[in-house]
Amino acid sequence: MDGPLTGLKVVDLSSYIAGPFCTRLLAGFGADVIKVERPGGDPIRQWGPFPEGNENPEAGALHLYLNQGKRSVTIDLETEPGRLALRELLADADVLVEGYRPGTMARWGLGYDDLADGHPNLVYLSVTDFGQTGPYADLAAWEITTYALSGLMHITGEPDREPLKNGGYLGAYGAGHNAFDATLVALWERATSNRGQHVDVSIHECTASLLEFTDGVWLYKGEVWPRSGNGARAAWGVYPAADGYVGVVSGPPRRWAMIPKLVESDELAEERFAAPGAQSTLRDEIDALMLPWLVTHEKEDIYHRAQALGMPFGFVATPSDFFKSEQLAYRDFFEEIDHPIAGSARYPTMAARFTDGLWSLGRAPLLGEHNDEVFATLPGGPPSEATLDEPLPAVRPQAVSIEPATVTEGVFPLPGPSGDLEEDMTRSGPLEDVTVLDLSMVWAGPYATKLMADLGATVIKVEVNSHLDSVRGPAIAIPDSPIGMYANDDPQDEPWNRSAYFNKLNRGKFDLCMNILADEGRAVLHKLIARADVVIENFGGGVFERMGYGYDVLKGIRDDIVFISMPPSGNGGPEAKYVGYGVAIEQLGGIVDRTGYEGDIPLKSGINYGDPIAGIHAMGYIMTALHHRRTTGRGSYIDLSQREAAICWLGDEIVEYELTGNEPVRIGNRDEFMAPSGVYRCAGDDAWLALAIGSAEEWRALAAAIGRTDLAQEAELSTLAGRRQRHDEIDAAITAWTQQRDRDLAMSELQSAGVAAGVVAENRRVIEDPHLQARGFWPTVNHKSVGPHLVSGIPWQFSRTPGKVRRAAPTLGQHTDYVLRSILGKGDAEIEALHASGVLDTTPPEVAALREAQGVEAG
């Protein structure tokens, strides 16, 4: 069967990781991706890792994974014949993907404005470090630079040590997957308007979008969120096991009650350990009682035992664990592919199973392998080797001044609600013709639907009145205990409406709260399903079906419905009913094993990374299914595994293990392919700067900037191997310079020299970042209970049909009557009857019960 993107022609000028990962996904769903490489090839070909350590640009793990399914041609864009060949290649192209520093494509006469008139339906996608505009647009960056500035690094690692970048290249993979999602959105809109547009994707903004609730901690409470290593409380983090590490996850009281049973400790069953806050205040005692049992049992044995008790445990998995997994084998997650140079290896496919298949992907191409067949179709034939008499000038470093912006509105202390709340109920943007019924909770599903709401989709969040979205926080605030991330640190009378976590993830959505198991509630939900294009849920495996809402039921209501279910390990298989949070998913997905200080234990991320990874996947798969429906008239059941989603962002490590047998090694903030790379202390409290050097030219610039030209003159240090050998010495020289400087000044001085340096930003610094401010990344919304406040914005900018953060997050049931009246067409009498029946709610049930009891007592 053809894929949903079959017939789509993509010209891929991107290199390294982000752009190529985007086009790998496009190729997997059927697009013809022509990878245009410079004569020496995409630099990622030189990175490896290589089988047996033998450098071969055809056999590096990163290239083999990122460039699967593409055709390769070589064109020198620094020559006029090369640029002419590219223009001919673009004559019938649908999508152009590029990742050059802003201004480079325009210098070649290939910028969006240069091509738009002659190619009005071309989707022109730019995937760059900082986007096309703003104070940082021309700055140098590597993965560690954008990661540091995003705020994720500051909250990862031990509190008394330097901040940590997560292992691998999660920032670049994440931006690439965001770019895939954005491309599908632009193509969706183009099908109606027959017009393309420029899509500007910023790696920095894509990564900053993942801060979970920590940006809200500053906005709502005025507090900087700290690093806490593997967790600030007992029974929530990474613990040693007999053969590695296990992820212990307790959670609410009903799950904590299973911990003593699991570790066979009667003492842990004492009431004092279950008291509110005890897992923090009695952490050492709890750990001491758990550890003797944990270290005498194997990690997977603990995982399965805990899951049998309904505990959302994980374990720190490595590539070898993936290939032993019965669950991954059941889902056919790996596909064996043969390559003429690298040989046969098993590759990750994708994280979802579609009713109609849809995915197919072959091997990566040899450099220039398709020159003859592609150039034969061009009017001018293959480009000549002639070069210009005078080379075009390269983009050079220039003086940079970094000064954080001062934010005075929409930040703690918040003014609170004032006057009548007037909501923008319009729908505009590239997804304005899409309606989503959102029954997902917490982060993964709501993240996907937040992206869609920002781009114009009508998203109706249905909360089950007996099980509200848990990130609203406790409905009844607990006295004398941490009260959570409430606006102005004050729960007031309706704490469930004042949670920073919920309000960040659900802005722009309509909220309807009801009993979907009661007959009247089922009838309402069935009518909403009939009007929806998409239904999404992320309950545990099989739960939604047992509630009476499986795919067959939904398909019976609307035959072409797109239904996405996203349990931790997917539906079906031996682990189908296992439960899990994002903290466990990042363990099971290999992220934690790769993260940690050199030679030390694995460390969890500062966020629950598994959630947003799954959410970004979900958004792309939904758009893929909508394209498939537009072409075939058929709906889709999308069975997404959150664990597989995480593994996909570490795909090169899977290929590396297959080719070399090497398991990942924790190397802290260092990098396999560049040196130095690290985080360096600056003047001030917990102030740090991250930088990386990817070439001899960059090394000379760094040495000169820190006043160590003597190091630049040493022949040994002109090579990557030499710098890696003397990394400690170089780190000391950099630290001697940085610790005498303010972090922003240090960033300015190094960036002015062309060095990829960036501040390790805490949540406050991210909100005050001058580049994010200039690009409008922090819009203001007006919330019914919270009042005006900032929220993080959209990481993709569309030139013609931009999205918009239209409304604040809803209060519980805020739009129930609006949805029933305006979308379902119900009259006042019918709506009043539904309220009277108790099917509809605007108050959590425990609060309603308490108020009723107090009312009886008072009477």
Side-chain angles (χ1 to χ4, degrees), residues 1-3 5-6 10 12 15-17 20-37 41-74 168 173 176 318-354 357-374 590 644 647-664:
M1 173 179 291
D2 288 341
L5 304 182
T6 297
V10 178
D12 180 10
S15 57
Y16 293 106
I17 295 173
F21 188 55
C22 165
T23 52
R24 175 188 185 270
L25 295 167
L26 293 171
F29 286 110
D32 175 18
V33 177
I34 301 173
K35 183 175 179 64
V36 177
E37 303 190 62
D42 183 339
I44 207 71
R45 288 177 176 269
Q46 310 301 325
W47 279 21
F50 302 102
E52 300 177 0
N54 298 323
E55 294 188 14
N56 186 327
E58 306 293 1
L62 275 161
H63 159 66
L64 290 172
Y65 178 64
L66 291 167
N67 292 307
Q68 282 183 266
K70 305 173 189 178
R71 296 193 286 167
S72 169
V73 299
T74 52
Y173 273 109
T318 68
S320 59
D321 294 323
F322 300 150
F323 290 119
K324 293 183 294 185
S325 168
E326 294 180 7
Q327 180 68 16
L328 295 176
Y330 174 87
R331 287 175 57 83
D332 294 322
F333 178 59
F334 297 106
E335 179 182 10
E336 188 151 354
I337 296 173
D338 193 39
H339 187 276
I341 305 298
S344 181
R346 289 170 290 182
Y347 291 70
T349 52
M350 63 158 177
R353 302 295 169 265
F354 289 75
L358 306 188
W359 176 271
S360 178
L361 198 58
R363 66 169 175 85
L366 305 177
L367 179 60
E369 179 178 354
H370 303 93
N371 279 351
D372 290 345
E373 70 180 56
V374 171
E644 292 168 19
I647 297 172
C648 285
W649 284 19
L650 295 171
D652 59 285
E653 294 185 2
I654 313 303
V655 178
E656 177 186 2
Y657 176 77
E658 278 285 88
L659 298 179
T660 67
N662 295 333
E663 296 274 24

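For the single chain, residues carry numbers from 1 onward in sequence order. Fair warning: this is a prediction, and the values are worked out from it, not measured in the lab.
Salt bridge absent: Arg363 and Asp338 never bring a charged side-chain N and a carboxylate O closer than 4.0 Å. Classification of Asp321 and Lys324 as a salt-bridged pair holds, one side-chain N sitting under 4.0 Å from a carboxylate O. The pair Glu58-Arg45 meets the salt-bridge criterion, with a side-chain N (NZ, NE, NH1 or NH2) lying under 4.0 Å from an Asp/Glu carboxylate O.
Below 30°, between 30° and 60°, or above 60°: for Tyr65 and Tyr173 the angle between ring planes is between 30° and 60°, a tilted geometry. Between Phe334 and Phe323, the ring-plane angle classifies as tilted under the 30° and 60° cut-offs.
Residues passing the ring pair (Phe, Tyr, Trp, His ring centres under 6.0 Å) test with Tyr16, sequence neighbours excluded: Trp47, Trp142.
A heavy-atom distance below 4.5 Å is not found between the side chains of His63 and Pro57. Contact check for Glu644 versus Arg353: side-chain heavy atoms found under the 4.5 Å cut-off. The shortest side-chain heavy-atom distance between Ile647 and Leu328 falls under the 4.5 Å cut-off. Counting only heavy atoms from C-beta outward, the side chains of Ile44 and Ile17 approach each other to under 4.5 Å. Inter-residue side-chain proximity for Cys648 and Phe333 is flagged as met; some heavy-atom pair is nearer than 4.5 Å. Under the 4.5 Å side-chain criterion, counting only non-hydrogen atoms from C-beta, Ser72 is not in contact with Leu366.
A distance of 12.0 Å separates CZ in Phe50 from OG1 in Thr660, rounded to the nearest 0.5 Å. A distance of 9.0 Å separates CG in Leu62 from CD in Glu653, rounded to the nearest 0.5 Å. Note that NE2 of His339 and CG of Leu659 are 10.0 Å apart. Values are rounded to the nearest 0.5 Å. In this structure, CZ in Phe29 is found 10.0 Å from CZ in Arg24, a value given to the nearest 0.5 Å. The distance from the NZ atom of Lys70 to the NZ atom of Lys35 is 5.0 Å, given to the nearest 0.5 Å.
Within 6.0 Å of atom CD in Glu55, 12 or fewer heavy atoms from other residues, nucleotides or ligands are found, so the atom counts as exposed in its surroundings.
Side-chain contact check for Thr349 and Glu335: no donor-acceptor pair (N or O, by modelled atom type) lies under 3.5 Å.
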